[in-house]
Number of protein chains: 2
Amino acid sequence: MSGWLAIAGLGPGDEALVTPEVTVALAQATDVVGYIPYVARVAPRAGLVLHPSDNRVEGERAAHALALAAAGRRVVVVSSGDPGVFAMASAVFEALEAGPADWRDLDIRVLPGITAMLAASARAGAPLGHDFCAINLSDNLKPWDLVERRLRLAVAADFAIALYNPRSKARPQGFARALELLRATCSDDRPILFARAVSTPDEALNIVPLSQAMPDMADMRTMVIIGSSQTRIIPRAGAPILYTPRFAA
Amino acid sequence: MSGWLAIAGLGPGDEALVTPEVTVALAQATDVVGYIPYVARVAPRAGLVLHPSDNRVEGERAAHALALAAAGRRVVVVSSGDPGVFAMASAVFEALEAGPADWRDLDIRVLPGITAMLAASARAGAPLGHDFCAINLSDNLKPWDLVERRLRLAVAADFAIALYNPRSKARPQGFARALELLRATCSDDRPILFARAVSTPDEALNIVPLSQAMPDMADMRTMVIIGSSQTRIIPRAGAPILYTPRFAA
């Protein structure tokens with residue numbers, strides 16, 4: 001088989017955050033597969049077939065991409081951010097494991113990208129500068145009890161916490177419950193970063209103490225970062241800097 | 001002041017993983033400040049002053065960079081990986097907070113990069129494809145007890161765990177103790193990824209079950225990723241794929 005499959009991260013939105021490795025793969029591709037808004041970021045050209053698909057069909061999309069590569073096509077599956085962080089890489093490997101044995105012989109590469117929490121952290125300062133964790137707040141693929149258990153343990157470990165997919169129209173209650181849990185276990189002044197659509201024209205950053213954090217400050221384009229007990233704010237004339245020191249007692 | 005400071009991530013080593021944003025900042029800089037091997041990655045040119053410094057002087061290096069920017073220079077502090085993950089961004093903000101008040105008026109940006117755990121994860125498959133945490137195993141800046149407490153809580157939360165700085169000549173014992181802790185709390189077949197010098201000519205990947213993981217499999221250029229209880233291995237003719245599914249029970 002001469003086909004190949006690259007699962008590529010497009011970063012948070014700004015083209016200046018797409019790695020040259022990904023740009024080269026897109027230039028060599030015959031097919032680009034992905035969620036509609038991510039495929040829309042790839043410039044059309046002669047010889048390139050775009051396969052945009054809707055949200056919540058990750059499994060079918062992954063199998064389609066694998067089948068195209070097995071048929072000899074040069075396929076790039078595009079994710080926003082990093083494909084290995086709550087994105088398409090795991091969906092492709094799930095489909096690979098469940099699929100025909102010869103898919104395992106395919107040339108498959110994962111091309112990393114700037115994931116949303118690192119773009120948000122960079123814009124605000126360095127809130128993830130010490131030990132931290134990343135939790136997907138969606139309970140589409142896991143029970144909500146597990147989300148709460150992980151949040152409690154993450155607070156006990158005093159990690160800074162990056163929350164992916166904090167809130168969507170289909171799941172309006174989860175983030176409100178997460179904030180309640182945090183209020184019961186952290187001090188009122190714990191800083192919370194709401195970073196929306198970082199590196200796009202819609203970018204908006206908001207840092208508030210936990211006592212003032214409200215569920216509707218997040219939507220499906222927002223990354224939420226909860227500081228650890230050590231996270232600090234440096235006030236300035238411009239936007240404040242949020243960071244976690246390297247040391248801990 | 002016309003000077004500025006950019007704290008930039010050079011990624012894990014391969015130039016194809018350096019973002020265009022970082023490349024532009026380096027092209028505009030008058031001064032590059034950083035640890036010797038990272039500054040060595042920046043091509044010399046007329047008008048650019050390179051300021052390489054030794055390890056373990058992050059605080060002085062950060063203050064020097066801020067002073068240069070305050071004097072009107074265009075300064076890039078280089079980190080490997082992402083500057084906000086166990087790297088120079090927090091050191092710069094510590095120095096900023098402790099320094100002269102006018103440093104707070106400086107134009108300071110953090111330019112994200114591909115951090116080591118995401119490069120390692122991509123090369124092996126997608127072991128960080130579900131909830132995960134990142135722990136710096138160095139006890140230079142925090143007590144070892146805290147490292148162990150975080151490891152125990154991370155296992156209890158069933159996070160995949162990325163260990164930065166697992167082992168150095170100055171700290172040969174910590175990683176051995178971490179493996180003992182994991183053996184006491186995880187099943188023998190828990191997969192462990194040792195990813196050394198990913199994306200460089202020295203790259204070497206090794207996936208072993210916990211029962212076969214040995215302290216000397218890691219050195220200071222190794223990223224260690226411990227799978228969660230759900231992490232799977234897909235055997236192939238070539239290198240196996242290590243990934244964590246998107247769903248959890």
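Here the structure is a predicted model, which is why all the values come from computation and not from measurement. We name chains A, B, ... by the order of the sequence lines, and we start the count at 1 in each one.
With hydrogens and angles disregarded, no donor-acceptor distance shorter than 3.5 Å links the side chain of A/Ser90 to the backbone of B/Pro245. A side-chain donor-acceptor contact under 3.5 Å links A/Glu94 to the backbone of B/Arg246.
Here the shortest heavy-atom pairing between A/Ala237 and B/Asp105 reads CB-OD1, 4.5 Å. Here the closest heavy-atom approach between residue B/Pro20 and residue A/Ala16 is recorded as CD-O, 3.2 Å. The two atoms that bring A/Arg236 and B/Leu106 nearest to each other are NH1-O, 3.4 Å, heavy atoms only. Summarising the geometry of B/Ala119 relative to A/Pro112, their closest heavy-atom pair is CA-CG, 4.4 Å, with the distance given to 0.1 Å. For the pair B/Phe159 and A/Arg150, the tightest heavy-atom approach, listed with the atom from each and the gap, is CE2-CD, 4.0 Å. When all heavy atoms are compared, the tightest approach of A/Glu21 to B/Leu17 is OE1-CD2, 3.2 Å.
When side chains are defined from C-beta on, A/Phe93 does not count as touching B/Arg232, because their heavy atoms never get closer than 4.5 Å. For the pair A/Ile234 and B/Arg104, the minimum side-chain heavy-atom distance is below 4.5 Å.
Of the two parts of B/Pro127, neither the backbone nor the side chain holds a non-hydrogen atom closer than 4.5 Å to a non-hydrogen atom of chain A. In this structure, chain A has heavy atoms under 4.5 Å from both the backbone and the side chain of B/Asp158. Proximity to chain B is absent for every atom of A/Asn140, based on heavy atoms less than 4.5 angstrom apart. For B/Ile135, the parts lying under 4.5 angstrom from a heavy atom of chain A are both the backbone and the side chain. The contact between A/Leu146 and chain B is made entirely by side chain atoms (from C-beta outward), counting heavy-atom distances below 4.5 Å. Looking at B/Val18, the atoms closer than 4.5 Å to chain A (heavy atoms on both sides) all sit in the backbone: N, CA, C or O. Only the side chain of B/Asp82 comes within contact range of chain A, with heavy atoms under 4.5 Å apart. Neither the backbone nor the side chain of A/Arg109 comes within contact range of chain B; no heavy atoms are under 4.5 Å apart. In this structure, chain A has a heavy atom under 4.5 Å from the side chain of B/Arg149, while its backbone stays farther away. In this structure, no portion of B/Met88 lies under 4.5 Å from any heavy atom of chain A. Using a 4.5 Å cut-off between heavy atoms, A/Phe132 contacts chain B through both its backbone and its side chain. For A/Ile241, the part lying near chain B is the side chain, with the backbone staying farther off; criterion is any non-hydrogen pair under 4.5 Å.
Ion pairing of A/Asp131 with B/Lys142 is present here, as a side-chain N (NZ or NE/NH1/NH2) and a carboxylate O approach within less than 4.0 Å.
Annotation: maximal heavy-atom pairing with chain A below 4.5 Å, among B/Ala154, B/Gly238, B/Gly84, B/Ala162, occurs at B/Gly84. Comparing A/Ala124, A/Ala156, A/Ala89, A/Ala248 by heavy-atom pairs within less than 4.5 Å of chain B, the highest count is held by A/Ala248. The most heavy-atom pairs under 4.5 Å with chain B, out of A/Ile161, A/Val22, A/Val110, come from A/Val110. Taking B/Pro83, B/Ala91, B/Ala87 one by one and counting their heavy-atom pairs under 4.5 Å with chain A, the maximum is reached by B/Ala91. Listed options B/Leu128, B/Ile114, B/Thr244 were ranked by heavy-atom pairs under 4.5 angstrom with chain A; first place goes to B/Ile114.
In this structure, the separation between SG on A/Cys133 and CG on B/Leu153 is 11.0 Å, given to the nearest 0.5 Å.
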